[in-house]
Number of protein chains: 2
Amino acid sequence: MGRRSDHSRAELEGLILEEGHRLMAEVGFARFSAREVAKRIGYAVGTLYNVFGSYDLLLAAINTRTFELWAAHLEERLTSPSTDRIAALVQGYFSFAADNFNLWTAIYDHRLPADMAMPDTLAIRRGGLTDVVVREVAAILPHETHHQAPRLARSLIATVHGHCTFALNGSFLLLGETEPLELAIARVRESLSAAIA
Amino acid sequence: MGRRSDHSRAELEGLILEEGHRLMAEVGFARFSAREVAKRIGYAVGTLYNVFGSYDLLLAAINTRTFELWAAHLEERLTSPSTDRIAALVQGYFSFAADNFNLWTAIYDHRLPADMAMPDTLAIRRGGLTDVVVREVAAILPHETHHQAPRLARSLIATVHGHCTFALNGSFLLLGETEPLELAIARVRESLSAAIA
DNA sequence: ACCGGAATTGAACACTGATCAATTAAAATA
DNA sequence: TATTTTAATTGATCAGTGTTCAATTCCGGT
C-alpha cells in the first residue's frame, strides 16, 4: 500500500519508538526484535527499516529515549527538599536502573558497529544526563574550582555506574556485598571531599 | 557416528572451549555462534549442546576462562618491580580490557536467564580476579583495618570498572575526557587514603 | 559374532536482521 | 475529471541463529 493518511512520517517515527521502547522494557535487549515491534503497530518490517535505516539506529533511538527518562528521573528526585542532593543523585541512578532493568541494560548491551558514529542529535540528547550531574557537582565545589566540575562529574558518574552494574548483575551479591548503594555514596563523598579540600 | 576414540569427553570440552574462546575474541558476543564453533572443530552443533547443556552455559564457561586470563594478566603486571602496585592493578585492568575488547565485553554482555544461577565451579574460578585485588588492598591497609579489605577492594573494582567501561564504550571520548586511566587511579587513591587515615 | 549403551549427528522448527522488486495510494498535472 | 508522477508500504526471500531429538554410528564387553 502507499502513503497512509493516518500517520505523518514524524508520527510514525514516534509510534515505532514508543512501541519499541515498550517492547524493550518488556523483553529486554536479547529478545527484542524489529519484527515484533512492526507486528504490534500493524506495519511491515520493511517500514521500520525505511524510517530508521537500520536495526542499530532503531536501537540507538530507543536507548536515547531511555537516557532522557533517566535524566528526568534524576531531576524529579532532586525536587524533593533533600539536604543531600548528591546522595539523591546516586540513589536516583540506582533506582532508575533497578526499576527499569531491561531498558537500562539495553543502553550498555548495544554497541554501534565500529565504523558507525553515534548521530549528533542522539549524542546531544544523551548528554543531558551528564549535564544534570555536572550542574550539581559544580554547585558543591568552591567557586575557584568550578572549572573542575565537568571532569570530576564524569568520573563520579563512572564510579557510580560501576557500583550500579555490579549491584544489578549479581557480582556484589556473589561476593557477599549487600549494600552497594552505601558503598557508591561513600566513594563519591570521598572524592568530593578531596576536591573541596 | 558414535564415540570418537581421538577425544575423551574432557578433551572435547577443552577443544570446544578453546575454539569458542578464539571465536569470541575474533567476532565478539553479538556475532558469536555455537554453529560456527562446531564447524571449526569439525563436530556437529548437537555435540556442543550435549557437552555444555545450553548456549548460556557454553558462554558462561568461555567468559570464566576470560576471567582467569584477566587475573593472570594482573599478576604478571605485579611481578615487575613497580613501586606502585595499586597503579599497576588499575593499568592492568584497563590494558586487559583494551587488548581483549571482544572477550572483555562478552563478560558483561552475557546474562544468565533469571532462573539460572551461575554454577559454583565457575563462580569460584571467577572470584580469583577479586582475590588478587583484595590481597593487594589488604597489603596497603594498616594491620588493624585488614578486615575492611574485601569490602573496600570490591568497591574499588567497581570504581575502576565504571571508568574502564566508559573509556572503552566511547562515553568518555564523547564528553571530551582523554585520560580516563588517570581519572580512575585518582579515584582509587582518594579512597585508599581515606581508608588509611 | 553379537549386543547394549554411549556418543554423535544433522534435518527440522521457529525465529532473527536485512533487502528490494512490486504494489498501492496520495499528490500533481493536464 | 482523467492521467501521470511520486512516495510510502509491503512481504516474500535470503542467510543466518538457538534448540531439539529420532536416528545413526561406533566401541567395549560378552
Side-chain angles (χ1 to χ4, degrees), chain A residues 1-17 19-21 23-24 26-63 102 106 109-116, chain B residues 1-17 19-21 23-24 26-63 102 106 109-116:
Chain A
M1 313 154 195
R3 175 190 205 93
R4 292 191 178 189
S5 58
D6 52 344
H7 291 306
S8 76
R9 202 61 187 224
E11 283 170 344
L12 179 52
E13 192 178 313
L15 190 65
I16 296 169
L17 231 48
E19 195 62 48
H21 209 253
L23 179 63
M24 185 64 83
E26 199 175 311
V27 305
F29 182 79
R31 298 195 201 288
F32 181 88
S33 97
R35 273 192 159 85
E36 180 64 23
V37 174
K39 186 192 293 179
R40 292 190 181 195
I41 61 173
Y43 276 81
V45 222
T47 300
L48 301 216
Y49 279 82
N50 292 338
V51 173
F52 282 93
S54 74
Y55 193 64
D56 282 307
L57 287 174
L58 170 60
L59 290 176
I62 289 173
N63 285 340
N102 284 337
D109 285 344
H110 180 234
R111 265 181 296 282
L112 288 173
D115 57 356
M116 180 196 288
Chain B
M1 313 155 194
R3 176 193 205 94
R4 291 192 180 191
S5 58
D6 52 346
H7 291 306
S8 76
R9 203 60 189 225
E11 283 170 344
L12 179 51
E13 191 177 315
L15 190 66
I16 296 169
L17 232 47
E19 196 62 49
H21 209 252
L23 179 63
M24 186 63 84
E26 198 177 311
V27 306
F29 182 80
R31 298 194 201 290
F32 181 89
S33 98
R35 273 193 161 84
E36 180 64 23
V37 174
K39 188 192 294 182
R40 292 190 183 195
I41 62 173
Y43 275 81
V45 223
T47 300
L48 301 216
Y49 279 82
N50 292 338
V51 172
F52 282 92
S54 74
Y55 193 64
D56 282 306
L57 288 173
L58 170 59
L59 289 176
I62 289 174
N63 286 340
N102 283 337
D109 285 344
H110 181 235
R111 264 181 296 284
L112 289 173
D115 56 356
M116 180 195 288

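Every chain is numbered from 1, with letters handed out A, B, ... down the list of sequences. It should be emphasised that the depicted structure is a prediction, and the values quoted were computed from it without experimental measurement.
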In whole angstroms, the gap separating C1' of C/dA7 from CD of B/Glu13 amounts to 15 Å

From the candidates D/dG11, C/dT9, D/dT19, the one with an atom nearest any side-chain atom of B/Tyr55 is D/dT19

query: Taking side chain as C-beta onward, heavy atoms only, is A/Lys39 less than 4.5 Å from A/Leu23?
result: no

Per atom distances to the B/Arg9 side chain, the nearest of C/dG17, C/dT8, D/dT19 is C/dT8

note: B/Asn50, atom CG; C/dA6, atom C1'; distance rounded to Å ~ 10 Å

B/Tyr43 atom OH is separated from D/dC26 atom P, nearest whole Å, by 13 Å

Between the CG atom in A/Asp109 and the CG atom in A/Asn102, the distance rounded to the nearest 0.5 Å is 9.5 Å

Taken to the nearest whole Å, CD/A/Glu11 to P/D/dT9 is 11 Å

Are B/Tyr43 and B/Ile16 packed together at the side-chain level, in the sense that at least one heavy-atom pair is separated by less than 4.5 angstrom? no

B/Lys39 atom NZ is separated from C/dT8 atom C1', nearest whole Å, by 19 Å

At 4.0 Å (heavy atoms only), tell me whether B/Tyr49 reaches a base, stays on the sugar-phosphate, or touches nothing. base

Between CG of A/Leu48 and P of C/dT16 the distance, given in whole Å, is 12 Å

Side-chain atoms of A/Thr47 come closest, of C/dT9, D/dT10, C/dT16, to D/dT10

Here the distance between atom P of D/dG18 and atom CZ of B/Phe52, to the nearest Å, is 14 Å

**Q.** Carboxylate-amine/guanidinium contact B/Arg40 B/Glu36, below 4.0 Å
**A.** yes

Nearest heavy-atom approach of B/Ala61 to B/Phe52 is CB-CE2, 3.7 Å

request  = Check whether any side-chain heavy atom of B/Phe32 sits under 4.5 Å from a side-chain heavy atom of B/Leu59, and report yes or no.
outcome  = yes

N/O to N/O distances under 3.5 Å, protein versus nucleotides 12-14 of chain D:
unit_1, atom_1, unit_2, atom_2, d
D/dT13, O4, A/Arg35, NH2, 3.3

Looking only at D/dG11, C/dT8, C/dA18, the nucleotide nearest the B/Leu12 side chain is C/dT8

Taken to the nearest whole Å, CZ/A/Phe32 to P/C/dG17 is 8 Å

For A/Asn63 and A/His110, the nearest pair of non-hydrogen atoms, with its separation, is ND2-CB, 3.7 Å

